[in-house]
Amino acid sequence: MEATKEFGMRKVSSICSISEMDDFDLTKLLDRPRVNIKREKSFDERSLSELSIGFGLNRGLDNFDTAYSPGGRSGLDTPASSARLSFEPHPMVAEAWEALRRSMVFFRSQPVGTIAAYDHASEEVLNYDQVFVRDFVPSALAFLMNGEPDIVKNFLIKTVQLQSWEKRIDRFKLGEGAMPASFKVLHNPDRKTDSVVADFGESAIGRVAPVDSGFWWIILLRAYTKCTGDLTLAETPECQKGMKLILDLCLSEGFDTFPTLLCADGCSMIDRRMGIYGYPIEIQALFYMSLKCSLAMLKPDTEGKEFMEKIVKRLHALSYHMRSYFWLDFQQLNDIYRYKTEEYSHTAVNKFNVIPDSIPEWVFDFMPTRGGYFIGNVSPARMDFRWFALGNCVAILSSLATPEQSAAIMDLIEERWEELVGEMPIKICYPAIENHEWRIVTGCDPKNTRWSYHNGGSWPVLLWLVTAACIKTGRPQIARKMIELAESRLLKDSWPEYYDGKLGRYVGKQARKYQTWSIAGYLVAKMMLEDPSHLGMISLEEDRQMKPIKRSASWTC
């Protein structure tokens, strides 16, 4: 791996010309000394009930465990960590590192992220030359695992600075806590200056603000802290305020009767109209994970305690709601199939008034007797039974899924390998929507035709999430098989953004080549499988004190 460090770092310049918009200096927050304090107990080992009653105690900094070790190791004891999966580095690992470094973006000579794609063959740059918050996460994890945390630290600082900008779209002001979807560094060679311009959704397809950016930022901040042992960044007033602003947006009370977050289509990785409006599983899982990460990093001052109390209450309600109503296995499907409708009061079995005739035919054949998953959406009179990879993997990593549910998700992947994995890991969602339904749901989106892009396409970036979930559930052999599939195609196909077809056999019709997160996703999966202790920076343990889920009397017949 050391051989990869000899590759040079190339600055990525922009072809656009926009006036200088940023005067912040990253160095203001980079020179603080690193603190490594021995702690008696990790947050992952503490229960929510302990935290909910212990706010008055001098908590100190014991919310991060002592797993830190030099060299980027994150030290979590996992089911697979006792038996190291040693193998010779694949020849494409060095190629991947070279491609990843070529995508790096610099602001005032400091690396601050990676562009979305470095596709020389594409005539249209569009926004692929920008640093996307969600896209940078696998790049950041790769750098952390390789002992290069500075680019991650710079990115976290730069994005929280951008959060403080006033955000307006067509004269309408966004919430203070909104994080940008992406930002672009502009170099002026004549004036020898760099500036930054951010996109909060005003330039996005459909003009939708990214709900997931703030969640990924919090999760990455925790990953950086776990990996490096550097507590000073998370404790800065800037990062503390950044977390609180994000939480304030999500925890505010309103008219909603559910603990889940109401979201629009296009607010996450699936950034076009795909019928995920309502309460998409991806957002709910990321929301849950970011709440647990925030609980670990917030300072217990007066304002911090208030947020912590809200977080604890929301976590309990959210976990119950998701584990009860979003979970689908053979028995649950059979129960829904037998639902009665038009039921009233708290004794109703069919709480959301789902009409059994609305259950799609495909799900009856897709559902194995062994296995289960969190469905895509639950809202009044509507259940989206589609499988979504990201939401289910994050549910495992955050421990939103119980150990039994996590094992069932892995069982489903094994039982439905052809449908979900095929020849290129892994389907972003299953199945594809087509014909009349496609016209209605997507608005005749030509990019989201059946088995393409976000409509059932196969995305190599998801490899790192599936690998992490496999390691956590003690199924590393599943990840190894997926990585071998990816290695047979990815480099030869020039690291495409996505693949098309039922089995993922074809390079996506509009896929960019040298897509950075395809490259980084492979590297993270490879390094995590080689050293499962890396899982600690992206995995959260189950709260051992939380009572096992018990369905209310009105849930079952």
(request) Could you tell me which residues satisfy salt bridge (Lys or Arg N to Asp or Glu O under 4.0 Å) with E166, sequence neighbours excluded, listed by chain and number? (result) R168
(request) Would you name the heavy atoms of L462 and A389 that are closest together and state the gap between them? (result) CD1-CB, 4.0 Å
(request) Would you mind listing every side-chain hydrogen bond (donor to acceptor under 3.5 Å, both in side chains) that reaches into residues 131-141, with sequence neighbours excluded? (result) T114-S139, R134-D212
(request) May I ask you to decide if K244's main-chain N or O and D248's side chain share a donor-acceptor pair within less than 3.5 Å? (result) no
(request) Tell me whether the guanidinium CZ or amine NZ of K158 lies under 6.0 angstrom from the six-membered ring centre of F107 and within 45° of its axis. (result) yes
(message) Distance to the ring centre below 6.0 angstrom and angle to the axis at most 45 degrees; does that hold for R382 and Y277?
(response) yes
(request) Measure the CZ-CG distance between R323 and L400 for me, rounded to the nearest 0.5 Å. (result) 6.0 Å
(message) Could you work out, with salt bridge (Lys or Arg N to Asp or Glu O under 4.0 Å) as the rule, every residue matching E404, not counting sequence neighbours?
(response) none
(message) In the structure I gave you, are the side-chain heavy atoms of V105 and D129 within less than 4.5 Å of one another anywhere?
(response) no
(request) Examine distances only and state if a side-chain atom of N154 and a backbone atom of I157 form a donor-acceptor pair shorter than 3.5 Å. (result) no
(request) Enter the distance from E306:CD to L247:CG here, rounded to the nearest 0.5 Å. (result) 12.5 Å
(request) Given side chain to side chain contact (heavy atoms under 4.5 Å, CB included), test L141 with V137 step by step and report yes or no. (result) CA-CA 6 Å; L141 295 176; V137 171; 4.3 Å; yes
(message) Please find the pair of heavy atoms, one from A525 and one from T467, that lie closest to each other, and give the distance.
(response) CB-OG1, 3.4 Å
(message) Suppose the criterion is side-chain hydrogen bond (donor to acceptor under 3.5 Å, both in side chains): which pairs have a residue in residues 255-271, not counting sequence neighbours?
(response) D256-Y279
(message) Using modelled atom types and a 3.5 Å cut-off, is there a donor and acceptor pairing between side-chain atoms of D194 and backbone atoms of R108?
(response) yes
(request) Using ring pair (Phe, Tyr, Trp, His ring centres under 6.0 Å) as the criterion, list what pairs up with W459, not counting sequence neighbours. (result) Y453, H454, Y498
(request) Report yes or no: does Q163 contribute a side-chain atom to a donor-acceptor pair with the main-chain N or O of A178 at less than 3.5 Å? (result) no
(message) A side-chain contact here means heavy atoms from C-beta on lying under 4.5 Å apart; do F255 and L262 qualify?
(response) no
(message) Using 0.5 Å steps for rounding, measure from the OG atom of S182 to the CD atom of Q130.
(response) 3.5 Å
(request) Please examine the side chains of Y288 and V394, heavy atoms only from C-beta on, and report whether any two atoms are closer than 4.5 Å. (result) no
(request) Hey, could you give me the SG/CD1 distance between C263 and I276, rounded to the nearest 0.5 Å? (result) 8.0 Å
(request) Specify the closest pair of heavy atoms between L529 and A479, including all atoms of both residues, with the distance to one decimal. (result) CD1-CB, 4.3 Å
(message) What I want to find out is whether D230 reaches K153 closely enough, with some N-O distance under 4.0 Å, to be called a salt bridge.
(response) yes
(message) Quick check against the 3.5 Å criterion: does K299 have a side-chain atom that pairs as donor or acceptor with the backbone of P237?
(response) no
(message) Assess the residue pair L156 and C239 against the criterion (side chain to side chain contact (heavy atoms under 4.5 Å, CB included)); give the C-alpha distance rounded to whole Å, side-chain angles, the decisive distance to 0.1 Å, and a yes or no.
(response) CA-CA 9 Å; L156 290 166; C239 286; 5.7 Å; no
(request) Evaluate the side chain to side chain contact (heavy atoms under 4.5 Å, CB included) criterion for residues V196 and V112: first the C-alpha distance (whole Å), next the side-chain angles of each, then the deciding distance (0.1 Å), finally the verdict. (result) CA-CA 11 Å; V196 171; V112 292; over 6 Å; no
(message) Any heavy-atom pair between the side chains of C267 and I283 that's under 4.5 Å?
(response) yes
(request) Kindly indicate whether the side chain of P210, heavy atoms from C-beta on, has any atom under 4.5 Å from the side chain of F132. (result) no
(request) For Q284 and M322, indicate whether the former's side chain and the latter's backbone hold a donor-acceptor pair under 3.5 Å. (result) no
(request) Search all heavy atoms of P138 against all heavy atoms of G521 and return the closest pair with its distance. (result) CB-N, 4.1 Å
(message) Does E176 have more than 12 heavy atoms from other residues, nucleotides or ligands lying within 6.0 Å of its CD?
(response) no
(message) Tell me the closest heavy-atom pair linking I396 and S406, and the distance in Å.
(response) CG1-OG, 3.7 Å
(message) For F352 and H321, take the angle between the two ring planes, folded into 0 to 90°, and tell me which bin it lands in: parallel under 30, tilted 30 to 60, perpendicular over 60.
(response) perpendicular
(message) Can you tell me which residue among L328, N377, V354 is in a side-chain contact (heavy atoms from CB on, under 4.5 Å) with M383?
(response) V354
(message) Do M179 and V160 have side chains that approach each other closer than 4.5 Å (heavy atoms only, starting at C-beta)?
(response) yes
(message) Under a plain distance cut-off of 3.5 Å, with no hydrogens placed, do S399 and K472 share a side-chain donor-acceptor pair?
(response) yes
(message) To the nearest 0.5 Å, what is the distance between CG on L390 and CD1 on I281?
(response) 10.0 Å
(request) Would you indicate whether the side-chain heavy atoms of V131 and V185 approach each other to under 4.5 Å? (result) no
(message) Going by the rule salt bridge (Lys or Arg N to Asp or Glu O under 4.0 Å), which residues pair with R272 if we only count those two or more places apart in sequence or in a different chain?
(response) D445
(request) Could you tell me which non-hydrogen atom of T228 sits nearest to which non-hydrogen atom of P149, and how far apart they are? (result) CG2-CB, 3.6 Å
(message) I'd like to know if the side chain of W517 reaches the main chain of A116, judged simply by a donor and an acceptor atom lying under 3.5 Å from each other, with no hydrogens or angles considered.
(response) no
(request) May I ask you to decide if M537's main-chain N or O and Y224's side chain share a donor-acceptor pair within less than 3.5 Å? (result) no
(request) Hey, could you give me the CD/CZ distance between E303 and F307, rounded to the nearest 0.5 Å? (result) 5.0 Å
(request) Output yes when R386 and D384 qualify as a salt bridge under the 4.0 Å nitrogen-oxygen rule, no when they do not. (result) yes
(request) Give me the ring orientation class for F374 and W327: parallel if the planes are under 30° apart, tilted from 30 to 60°, perpendicular past 60°. (result) perpendicular
(request) Evaluate the side-chain proximity of V211 to F287: yes if any heavy-atom separation is below 4.5 Å, no if none is. (result) no
(message) Using the rule given for side chain to side chain contact (heavy atoms under 4.5 Å, CB included), can you reason through F388 versus I270, listing the C-alpha separation, both sets of side-chain angles and the distance that settles it, and then say yes or no?
(response) CA-CA 10 Å; F388 289 88; I270 298 176; 3.5 Å; yes
